[in-house]
Amino acid sequence: MPELPEVETIRRTLARCLPGKKIEDVEVRLPKLVRPDVATFVENARGRVFGEPQRKGKVLILPLGESSLLVHFRLTGQLVFLSPESSEPAYTHLVFALNGARLAYADLRQFGWLEIVRNEDLAEHPSLVSLGPEPFDLEAEEFYVMLTSRRRRLKALLLDQQFLAGLGNIYVDESLFRARLHPEREAATLSFEEARRLLRVVQDVLREAIATGGSSVRNYVDGEGREGRFQERHLVYQHRERPCPRCKTPIVYKQVAGRGTYFCPRCQR
DNA sequence: GACAACCTGACC
DNA sequence: GGTCAGGTTGTC
């Protein structure tokens, strides 16, 4: 599930209810989801108080005093704050008890993970140390240099978290369509104008997606269990064979860089 | 680069 | 039965 807009939405919703809440206890029902092991995880969690939620790329960072809880949702992870009377989501594998309220981690496909890291070790964490810049932190000139020094296809490059942090399959396809760039185009062949256009649409798409609470294509929900609405604005993602919004040519679906990819073969060059 | 692996589905 | 799935990592 979550790409940058979804994780950012989870961060913002949890920011409203989580800070100041104390972890009274942790129930880990699926041990493989926590690192390095259940005993260490529970010991490092118990008694800690949540601070102001942060995010880097697709990683959610929940400060707990001198350490921080890292959460990666991979494809189907959910983190939902529950009031005392509400019931937990399906596939809940871990629950933090917060003096009546609870914070539940659910994950249908069980690919996500949670880990508590000392703040002084955060920068060196494998999931954070090699992250590329976020799209919002870039200028057109730098992005142009980044792109034109790479001999890779745009689709593969934009999905690479070491190149650029935060984009996933949905937002790469939506951005490339809006920028009228073909997913199989070699990055090094972009003109400065094309690079500038691509950066601008990536930023626009992410901002719009955050403003509408992210994309709920399958089972994504925010930190309060609510679905997003950006899927209603998708122009190509999951629009196989439907007419292109610009030229009416049927949207093509094919594997590019190992991922299902949607694009207009006429508009995108 | 391509592919399998990690899992549990939904949908045709 | 087959295909596909908001991600990442490890292997040829």
Side-chain angles (χ1 to χ4, degrees), chain A residues 1-11 29-35 55-60 70-79 89-94 105-115 125-132 135 150-177 183-188 202 205-206 208-210 212-223 226-241 251-262:
Chain A
M1 101 177 142
E3 306 179 29
L4 188 152
E6 289 75 33
V7 181
E8 176 62 16
T9 303
I10 293 168
R11 186 193 74 74
R29 302 174 194 166
L30 191 61
K32 70 171 180 178
L33 295 188
V34 304
R35 302 173 175 178
R55 178 191 59 74
K56 279 208 190 309
K58 301 174 187 175
V59 180
L60 182 70
L70 304 187
V71 184
H72 200 303
F73 299 97
R74 292 289 184 94
L75 285 166
T76 53
Q78 304 176 329
L79 194 60
Y91 308 102
T92 293
H93 301 306
L94 185 152
Y105 180 79
D107 194 340
L108 188 153
R109 293 179 71 179
Q110 309 175 8
F111 292 162
W113 51 262
L114 304 90
E115 180 174 359
H125 191 275
S127 293
L128 301 177
V129 70
S130 56
L131 280 184
R150 303 302 196 92
R151 294 198 41 175
R152 288 175 73 189
R153 294 178 296 182
L154 285 176
K155 174 85 181 195
L157 201 51
L158 295 176
L159 282 173
D160 184 347
Q161 301 301 297
Q162 299 191 40
F163 177 75
L164 190 67
L167 292 185
N169 213 27
I170 292 179
Y171 297 106
V172 167
D173 283 8
E174 292 296 316
S175 298
L176 288 174
F177 173 74
E184 296 177 301
R185 176 88 172 269
E186 191 181 302
V202 165
V205 164
L206 294 178
E208 286 175 38
I210 292 168
T212 52
S215 299
S216 290
V217 164
R218 177 157 282 117
N219 51 20
Y220 158 72
V221 293
D222 68 21
R226 282 192 285 269
E227 296 189 346
R229 300 176 309 284
F230 192 72
Q231 66 280 5
E232 299 161 13
R233 299 206 203 175
H234 291 174
L235 298 177
V236 289
Y237 187 76
Q238 291 194 327
H239 285 209
R240 182 181 198 157
E241 299 298 318
I251 296 300
V252 167
Y253 172 84
K254 72 179 282 199
Q255 296 294 123
V256 179
R259 307 295 300 277
T261 300
Y262 301 85

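Naming convention: chains lettered A, B, ... in sequence-line order (proteins, then strands); numbering from 1 in each chain.
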task = Report which part of the nucleic acid A/Ser127 touches: base, sugar-phosphate, or nothing (heavy-atom distance under 4.0 Å, all strands).
result = nothing

Rounded to whole Å, the CD-C1' distance (A/Glu184 to B/dG1) equals 13 Å

Whole-Å distance, A/Leu108 CG to C/dG7 C1', equals 15 Å

Of C/dG6, C/dG7, B/dA2, the nucleotide closest to the side chain of A/Arg153 is B/dA2

To the nearest angstrom, the NE2-C1' distance between A/His72 and C/dT8 comes to 7 Å

Verify the contact: side-chain N or O of A/Tyr262 to OP1 or OP2 of C/dG6, cut-off strictly under 4.0 Å; return yes or no.
no

Here the distance between atom P of C/dG6 and atom CD1 of A/Ile210, to the nearest Å, is 20 Å

Side-chain contact check for A/Phe111: nearest option of C/dG6, B/dC6, B/dG1 is B/dC6

From NZ of A/Lys254 across to P of C/dA5 the rounded distance in Å is 15 Å

Distance-only polar pair, side chains of A/His72 and A/Ser127, donor-acceptor under 3.5 Å
no

Taking C/dG1 as the reference, what is the distance to B/dC6 when you measure between their C1' atoms (whole Å, please)?
23 Å

A/Glu6 versus A/Tyr171, side-chain donor and acceptor atoms under 3.5 Å | yes

Give a yes or no answer on whether the side chain of A/Gln161 reaches the backbone of A/Leu167 with a donor-acceptor pair at less than 3.5 Å.
yes

Taking a pair to mean Watson-Crick or G-U wobble geometry with both distances below 3.5 Å, B/dC7 pairs with none

With rounding to whole Å, what would you report as the distance between C/dT3 and B/dA5 at their P atoms?
15 Å

d(A/Leu157 CG, A/Arg185 CZ) to nearest 0.5 Å is 13.0 Å

On DNA chain B, more 5' by nearest nucleotide between A/Arg152 and A/Arg218 is A/Arg152

note: A/Phe163, atom CZ; B/dG1, atom C1'; distance rounded to Å ~ 18 Å

*Determine the interatomic distance between C1' on C/dG6 and the same-named atom on B/dA2; round to the nearest Å.*
22 Å

Taking B/dC7, C/dA5, C/dG7 as options, the one with an atom nearest any side-chain atom of A/Asn169 is C/dG7

*asked:* Roughly how many Å apart are C/dT8 and B/dG9, using the P atom of each and rounding to a whole number?
replied: 23 Å

Side-chain contact check for A/Gln110: nearest option of B/dT8, C/dA5, C/dT8 is B/dT8

To the nearest angstrom, the CZ-C1' distance between A/Arg259 and B/dC3 comes to 14 Å

Using atom types as modelled and distance alone, determine if a side-chain donor or acceptor of A/Gln78 lies under 3.5 Å from a backbone N or O of A/Asp107.
-> no

Next item on the list: Let me see the working for A/Leu94 and A/Leu114 under side chain to side chain contact (heavy atoms under 4.5 Å, CB included), right down to the final yes or no.
Entry: CA-CA 10 Å; A/Leu94 185 152; A/Leu114 304 90; 4.2 Å; yes

Using a heavy-atom cut-off of under 4.0 Å over every strand shown, decide if A/Phe230 touches base, sugar-phosphate, or nothing. nothing

What is the nucleic acid contact for A/Tyr171, judged by heavy atoms within less than 4.0 Å: base, sugar-phosphate only, or nothing?
nothing

Here the distance between atom C1' of B/dC7 and atom OH of A/Tyr91, to the nearest Å, is 11 Å

Indicate, yes or no, whether a donor-acceptor pair under 3.5 Å links the base of C/dA5 to the side chain of A/Arg109. yes

Closest of C/dA5, C/dT9, B/dT8 to the A/Arg74 side chain is C/dT9

With syn defined as a glycosidic angle within 90 degrees of 0 and anti as anything else, the base of C/dG6 is syn

Taking OP1 and OP2 of C/dG7, is either one under 4.0 Å from a side-chain nitrogen or oxygen of A/Lys58?
yes

